[in-house]
Every structure is written in structure tokens, then in C-alpha cells.
Enquirer: 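The structure that follows is given in the form of C-alpha cells.
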Amino acid sequence: MATLVSPFLIKKEYFNQWQSATWEDYLYCADSQELEDVKLYFYNHQLLIQISREGVNHSCVSNLFVILFGIWFSQNPEQNYTSCGGCLLENQALKMAFSPDLVLYLGDNNLKRKEGERRYLDVSKSGIPHLVGEISDTTLPNDLDKKKHLYASLKIPEYWVVDVQGRRVFCFHLDANNIYQEADFSLTLHNLPISLLNETLSLLESQTNGSVASWFAQKIQAFKK
């Protein structure tokens, strides 16, 4: 285990802000029992320790989107997928780490930990996700800035930022220059209009995430016709 880790890295007053660190510092934090319920990000020699225990608004929206993915793929059975949001993912070759709220792999990629391996997913071996997303209740500036650059550097084709308070989804596609461009539809979800996701989010003002998901299912059926 690394011994160069700075003690300040795991002080709670430094959580939720990027701080200068080494890859060894990150590895120490990733394997620390003290930090089992946090989200970690490492990019460009900086580490973000983000408290993962979120409020009810974040939780309701996050769970809604997991349900929406299930609805979408149940009505598009020709498109197999794996969802593993919240997992700590690493690119050990590039020395980057990230913990998105939403993670989608398309195809038959069966992500399972093999005996003897670390419990985190090394995307330099498993492949890059097709889509990652952040549920932004209190983290919107960070999600639209540094994390966006992190995911672009990893060449993840599609990135979503779900603005909980603004009730809207920012969808970005990676262009040929590895720069995210905002888009009005999802490539990963067969040109699903982002406007439909925004409309879905707006219904949470007066409905439960369960009833909103049912509404989305009906809209998807009409969208496919």
C-alpha cells in the first residue's frame, strides 16, 4: 500500500473540492475503509473525494433514471445493455478514476469481478462505457466543467448531466477532436429526444418518480410508432 499519502486528503473539510494529489494518494483512498461510502475522481494530478450520501431530491432523480433505462431497453430488446452506476471505475493505464451516477455499456459485456482482482472496474481492460451521467443537485458547476473534461479525456462517447433543480438534462456527444458538443438527442438510446427527458423531469414537481416512469413508458411507445 502507498505510504506517501498526505494526511489532509482524508479530512472531511477537504471533501467536495479538487485537491492536488498523486495516483498513489488516490489508490490509498480507494482502498481505505474510512472512505468506503464516498465517490472518488482522479484527473490531471487532482483528486476529488465527494460525499456519496445525497438528499432525497438526488435520490429520487437518480432512481428515476435507472428505471427509465430499464423501460427503454425493455421496449428495445434488440439492444442489450449493462448498467453499473455508482461503481468506482479506473483507467489504470492513464491514471484516471471516476464514479458516475449513471453508467451504461451496450452489448453483451458482462462486467464481473474475477477472483483476486481489485473490486473496481478497470476500463482499460473492460472497455469504455458508451454513456456516463452525473445527477447534479449541488454539484452542477463541477459536473459541467472538470468532470466533463475528465470524461472527454477518457473518450466516453456520450455524457449526461441531469440538473435536478433546473429539471433539465444536458446531453453531450464527443466530436472528432475529443470535445463534447451539446446535443438534442441521445445516440446511445437510438435518438431519444432530450426534450422528452426534460418533460419527464418536470413532472416530478407534482408526481412520484414511479408515476413519472409510467408516463415515460407510454410516451416511449408512441415515440416508436
Side-chain angles (χ1 to χ4, degrees), residues 57-58 60-87 89 98-109 123 127-137 139-205 207 209-225:
N57 290 344
H58 182 285
C60 284
V61 173
S62 182
N63 279 277
L64 171 63
F65 272 78
V66 173
I67 297 169
L68 297 186
F69 286 149
I71 291 171
W72 173 266
F73 287 106
S74 70
Q75 297 192 25
N76 293 271
E78 75 284 354
Q79 191 179 29
N80 199 5
Y81 79 107
T82 298
S83 172
C84 58
C87 176
L89 296 92
F98 51 111
S99 307
D101 294 306
L102 306 172
V103 178
L104 279 182
Y105 279 88
L106 299 183
D108 298 323
N109 194 344
V123 299
I128 291 294
H130 292 82
L131 182 153
V132 299
E134 296 286 356
I135 307 299
S136 300
D137 188 10
T139 59
L140 186 62
N142 197 356
D143 295 338
L144 288 173
D145 185 20
K146 195 134 193 175
K147 289 183 189 176
K148 183 179 169 187
H149 293 300
L150 164 62
Y151 295 134
S153 297
L154 288 161
K155 299 182 179 180
I156 295 173
E158 188 167 336
Y159 174 44
W160 290 5
V161 177
V162 182
D163 179 3
V164 173
Q165 297 181 40
R167 298 293 193 227
R168 65 166 296 184
V169 176
F170 296 90
C171 174
F172 301 98
H173 298 164
L174 199 66
D175 67 17
N177 296 315
N178 293 326
I179 297 173
Y180 279 128
Q181 304 294 339
E182 192 168 359
D184 296 327
F185 58 91
S186 170
L187 288 174
T188 307
L189 302 186
H190 285 335
N191 297 324
L192 174 70
I194 299 304
S195 60
L196 180 56
L197 294 176
N198 293 337
E199 192 176 356
T200 304
L201 275 175
S202 70
L203 295 175
L204 283 176
E205 295 285 352
Q207 300 183 38
N209 58 4
S211 61
V212 169
S214 298
W215 177 89
F216 177 81
Q218 294 173 355
K219 285 292 184 178
I220 290 300
Q221 288 180 336
F223 171 70
K224 290 181 66 179
K225 292 178 182 178

Enquirer: Honestly, is Lys147 close enough over Phe98, meaning NZ or CZ under 6.0 Å from the six-membered ring centre and within 45° of the axis?
Expert: no
Enquirer: One pair to check against salt bridge (Lys or Arg N to Asp or Glu O under 4.0 Å): Lys148 and Glu182. What are the steps and the verdict?
Expert: CA-CA 11 Å; Lys148 183 179 169 187; Glu182 192 168 359; over 6 Å; no
Enquirer: Enter the distance from Asp145:CG to Leu150:CG here, rounded to the nearest 0.5 Å.
Expert: 11.5 Å
Enquirer: Between Asn76 (side chain) and Trp72 (backbone), is there a donor-acceptor pair under 3.5 Å?
Expert: yes
Enquirer: Output yes when a side-chain donor or acceptor of His130 lies under 3.5 Å from a complementary backbone atom of Leu106, and no otherwise.
Expert: yes
Enquirer: So, His58 side chain and Ile135 main chain: donor-acceptor pair closer than 3.5 Å or not?
Expert: yes
Enquirer: Just so I know, are the side chains of Leu201 and Val162 near enough to count as touching, which here means a heavy-atom distance under 4.5 Å?
Expert: yes
Enquirer: Mark yes or no for whether Tyr81, through its side chain, and Asp108, through its backbone, hold a donor-acceptor pair below 3.5 Å.
Expert: no
Enquirer: In Å, rounded to the nearest 0.5 Å, how long is the span from CG of Leu197 to SG of Cys171?
Expert: 8.5 Å
Enquirer: If we ignore hydrogens and angles and just use 3.5 Å, is the side chain of Ser211 paired with the main-chain N or O of Gln207 as donor and acceptor?
Expert: no
Enquirer: Distance-only, no hydrogens or angles: does the Asp175 side chain make a donor-acceptor pair with backbone N or O of Asn177 under 3.5 Å?
Expert: yes
Enquirer: One pair to check against side chain to side chain contact (heavy atoms under 4.5 Å, CB included): Leu196 and Lys219. What are the steps and the verdict?
Expert: CA-CA 8 Å; Leu196 180 56; Lys219 285 292 184 178; 4.0 Å; yes
Enquirer: Dump the intermediate steps for side chain to side chain contact (heavy atoms under 4.5 Å, CB included) on Leu192 and Ile220, then the final yes or no.
Expert: CA-CA 9 Å; Leu192 174 70; Ile220 290 300; 3.7 Å; yes
Enquirer: State, without any angle test, whether Asp101 and Ser62 hold a side-chain donor-acceptor pair at a distance under 3.5 Å.
Expert: no
Enquirer: Drop me the distance from Ile67's CD1 to Ser74's OG, to the nearest 0.5 angstrom.
Expert: 12.0 Å
Enquirer: So, for His173 and Phe185, is the gap between ring centers shorter than 6.0 Å?
Expert: yes
Enquirer: Start with the C-alpha distance between Ile156 and Leu131, add both sets of side-chain angles, then the distance that settles side chain to side chain contact (heavy atoms under 4.5 Å, CB included), and finish with yes or no.
Expert: CA-CA 7 Å; Ile156 295 173; Leu131 182 153; 5.9 Å; no
Enquirer: Are side-chain N/O atoms of Asn57 and Asp137 paired as donor and acceptor at under 3.5 Å?
Expert: no
Enquirer: To the closest 0.5 Å, what do you measure between CG (Leu104) and CH2 (Trp160)?
Expert: 7.5 Å
Enquirer: Quick one: pull up CG in Leu174 and CD1 in Ile179 and give me the separation to the nearest 0.5 Å.
Expert: 8.5 Å
Enquirer: Can you name the nearest heavy-atom pair linking Tyr180 to Pro157, along with the distance?
Expert: CE2-O, 4.1 Å
Enquirer: Does the side chain of Ser186 come under 3.5 Å of the side chain of Glu158 through a donor N or O and an acceptor N or O?
Expert: yes
Enquirer: So which of Asn142, Leu144, Val161 actually passes side-chain contact (heavy atoms from CB on, under 4.5 Å) with Ser136?
Expert: Val161
Enquirer: Answer yes or no: is there a donor N or O on one side and an acceptor on the other, between the side chain of Asp163 and the main chain of Phe170, under 3.5 Å?
Expert: no
Enquirer: Working to the nearest 0.5 angstrom, can you tell me the gap between Asn191 CG and Thr188 OG1?
Expert: 10.0 Å
Enquirer: For a side chain to side chain contact (heavy atoms under 4.5 Å, CB included) check, start with the C-alpha distance between Leu189 and Phe73, then their side-chain angles and the critical distance, and finish with the verdict.
Expert: CA-CA 9 Å; Leu189 302 186; Phe73 287 106; 3.6 Å; yes
Enquirer: Looking at Ile71 and Ala213, what are the two nearest heavy atoms and their distance?
Expert: CD1-O, 3.3 Å
Enquirer: Using every non-hydrogen atom in the two residues, find where Val123 and Pro129 come nearest and quote the distance to one decimal.
Expert: CG1-CD, 4.3 Å
Enquirer: Between the main-chain N or O of His190 and the side-chain N or O of Gln79, is there a donor-acceptor pair closer than 3.5 Å?
Expert: no
